[in-house]
Amino acid sequence: MRKKIIAGNWKMNKTFEEGMALVTEINGMLRDEYQGSAEVVIIPPFTHVNAVSRMLGDEKNISTGAQNCSNHASGAYTGEVSAAMLYSVGAKYVIIGHSERRQYFMEHNAWLAQKVDAALAGSLLPIYCCGETLEERDSNKHFEVLEAQIKEGLFHLAAEQFSNVVIAYEPVWAIGTGKTASTQQAQEVHAFIRNLVKEKYGDTLAQQTTIQYGGSVKPDNAAELFAASDIDGALVGGAALQSRSFVDIVKAMR
Ligand code: PGA
């Protein structure tokens with residue numbers, strides 16, 4: 001069975017103290033309330049990654065990630081953070097190609113392919129994001145856009161490398177808007193993505209690939225989304241900033 005992953009992307013929120021308090025609460029609540037086997041990933045800003053991963057220590061099924069990394073391994077790139085640095089402070093995952101990075105920081109597929117390589121070379125597991133805008137969906141271009149994002153960002157990888165990648169489908173129109181894709185819309189895209197992976201890498205690897213959904217996931221819509229056969233977890237933004245709502249989303253994954 002493929003791995004189910006619920007990740008909380010804090011984006012640029014929470015001071016250090018607030019972040020530490022939130023992780024402490026989440027960890028305690030999961031210990032008391034969650035018996036399922038999904039992996040939980042806490043993805044705070046860079047400044048908190050070290051402390052969050054130390055706080056979680058060897059806790060089972062909960063790990064730490066980062067929101068971005070450089071496409072370079074090291075060197076004169078002021079302001080950048082490398083995958084190896086993040087790995088050295090306890091990160092396991094890194095988000096690559098979140099739509100906010102694509103939109104506000106001009107990160108495009110070819111550039112993201114380099115970041116995926118850098119993440120893997122630095123021992124991090126990429127959570128590669130894809131998703132269409134409302135305009136692209138309304139003009140029925142979404143499959144074309146998603147296919148380009150997946151192929152150009154990931155399909156240069158050898159199968160063994162690809163087996164370390166998690167994919168997150170996040171329709172841009174559903175992020176932070178309160179408007180979730182319907183389970184049918186999400187399932188349709190997830191099945192489409194899994195089929196692309198199958199065509200490239202074969203059915204076994206396609207069946208093993210974790211594909212998360214992201215975009216206004218909340219406690220009251222999580223269970224229905226997770227019941228769809230190709231939805232293997234969630235990348236949660238707003239609802240991950242509060243322990244109760246985040247833990248309730250995790251608990252929706254049995
Ligand atoms: P949201 O964000 O849950 O606030 O819509 C999801 C994301 O951007 O990963």
Side-chain angles (χ1 to χ4, degrees), residues 4-14 18-19 22-23 26 38-46 48-49 52 63-69 91-107 112 115-116 119 124-134 136-137 142 145-146 149-150 153 165-183 185-186 189-190 193 210-226 228 231-253:
K4 312 288 185 185
I5 304 173
I6 318 289
N9 170 17
W10 294 3
K11 309 192 179 182
M12 199 174 75
N13 291 293
K14 303 288 176 190
E18 289 166 350
L22 180 58
V23 179
I26 290 170
E39 179 170 2
V40 175
V41 188
I42 306 289
I43 310 186
F46 285 141
H48 310 1
V49 170
V52 168
S63 45
T64 313
Q67 298 173 18
N68 180 31
C69 72
K92 178 175 173 187
Y93 292 92
V94 62
I95 298 176
I96 303 285
H98 189 280
S99 66
E100 288 148 18
R101 304 280 330 160
R102 292 177 184 266
Q103 194 180 342
Y104 306 135
F105 302 94
M106 313 309 151
E107 297 192 359
L112 295 169
K115 290 201 174 200
V116 168
L124 295 180
L125 307 177
I127 298 177
Y128 180 80
C129 299
C130 59
E132 79 284 0
T133 62
L134 187 58
E136 288 160 349
R137 179 165 279 265
H142 49 301
V145 169
L146 290 160
Q149 289 173 341
I150 296 285
V165 173
V166 172
I167 295 173
Y169 168 56
E170 298 204 303
V172 178
W173 48 273
I175 295 177
T177 56
K179 206 174 158 203
T180 324
S182 69
T183 304
Q185 284 173 322
V189 170
H190 283 231
I193 294 171
T210 299
I211 308 178
Q212 301 176 301
Y213 169 77
S216 297
V217 176
K218 302 275 180 302
D220 61 5
N221 59 26
E224 192 191 321
L225 286 161
F226 296 164
I231 300 181
D232 308 316
L235 182 53
V236 185
L241 296 175
Q242 208 252 338
S243 54
R244 184 72 271 160
S245 54
F246 184 62
V247 169
D248 283 349
I249 291 170
V250 174
K251 286 164 73 179
M253 179 61 85

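Whatever order the structure lists them in is the order used to number ligands and atoms, beginning at 1. No hydrogens, no waters, no symmetry mates; every other heavy atom, side chains included, goes into these values.
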Could Glu170 and Arg102 be called an ion pair, given the rule that one side-chain N must be under 4.0 Å from one carboxylate O? no

How far apart are the closest heavy atoms of Ala119 and Pro126, and which atoms are they? CB-CG, 4.1 Å

Would you mind listing which atoms of ligand 1 come within a distance below 4.0 Å of any non-hydrogen atom of Gly215? 5 (O)

Any heavy atom of Ala239 closer to ligand 1 than 4.0 angstrom? no

Please confirm whether Ser99 comes under 4.0 Å of ligand 1, counting heavy atoms of the residue only. no

To the nearest 0.5 angstrom, please state how far the CD1 atom of Ile167 sits from the CD atom of Gln149. 11.0 Å

Within the structure, is a non-hydrogen atom of Ser216 found at a distance of less than 4.0 Å from ligand 1? yes

Ignoring hydrogens, just give me the one of Gly8, Gly237, Gly176 whose non-hydrogen atom is nearest atom 5 (O) of ligand 1. Gly176

Do Trp173 and Glu132 make a side-chain contact, defined as non-hydrogen atoms from C-beta onward lying under 4.5 Å apart? yes

If we number the atoms of ligand 1 from 1 as shown, the ones under 4.0 Å from a heavy atom of Asn9 are 9 (O)

Scanning both residues in full, the closest heavy-atom pair of Ile5 with Val41 reads CG2-CG2, 3.6 Å

Taking only heavy atoms of Gly238 into account, list the atoms of ligand 1 that are under 4.0 Å away from them. 1 (P), 3 (O), 4 (O)

Answer yes or no for Lys218: is there a heavy-atom contact with ligand 1 below 4.0 Å? no

Short list, please: which atoms of ligand 1 are under 4.0 Å from a heavy atom of His98? 7 (C), 8 (O), 9 (O)

Taking it one step at a time, do Thr183 and Glu224 satisfy side chain to side chain donor-acceptor pair (under 3.5 Å)? CA-CA 7 Å; Thr183 304; Glu224 192 191 321; 2.8 Å; yes

Answer with yes or no whether the side chains of Gln67 and His98 bring together a donor and an acceptor at under 3.5 Å. no

Against heavy atoms of Glu170, which atoms of ligand 1 measure under 4.0 Å? 6 (C), 7 (C), 8 (O), 9 (O)

Atom NE2 of His48 and atom CG of Leu22: how far apart are they, to the nearest 0.5 Å? 10.0 Å

Check each atom of ligand 1 against the heavy atoms of Ala174 and keep those under 4.0 Å away; list them by number with element. 5 (O)

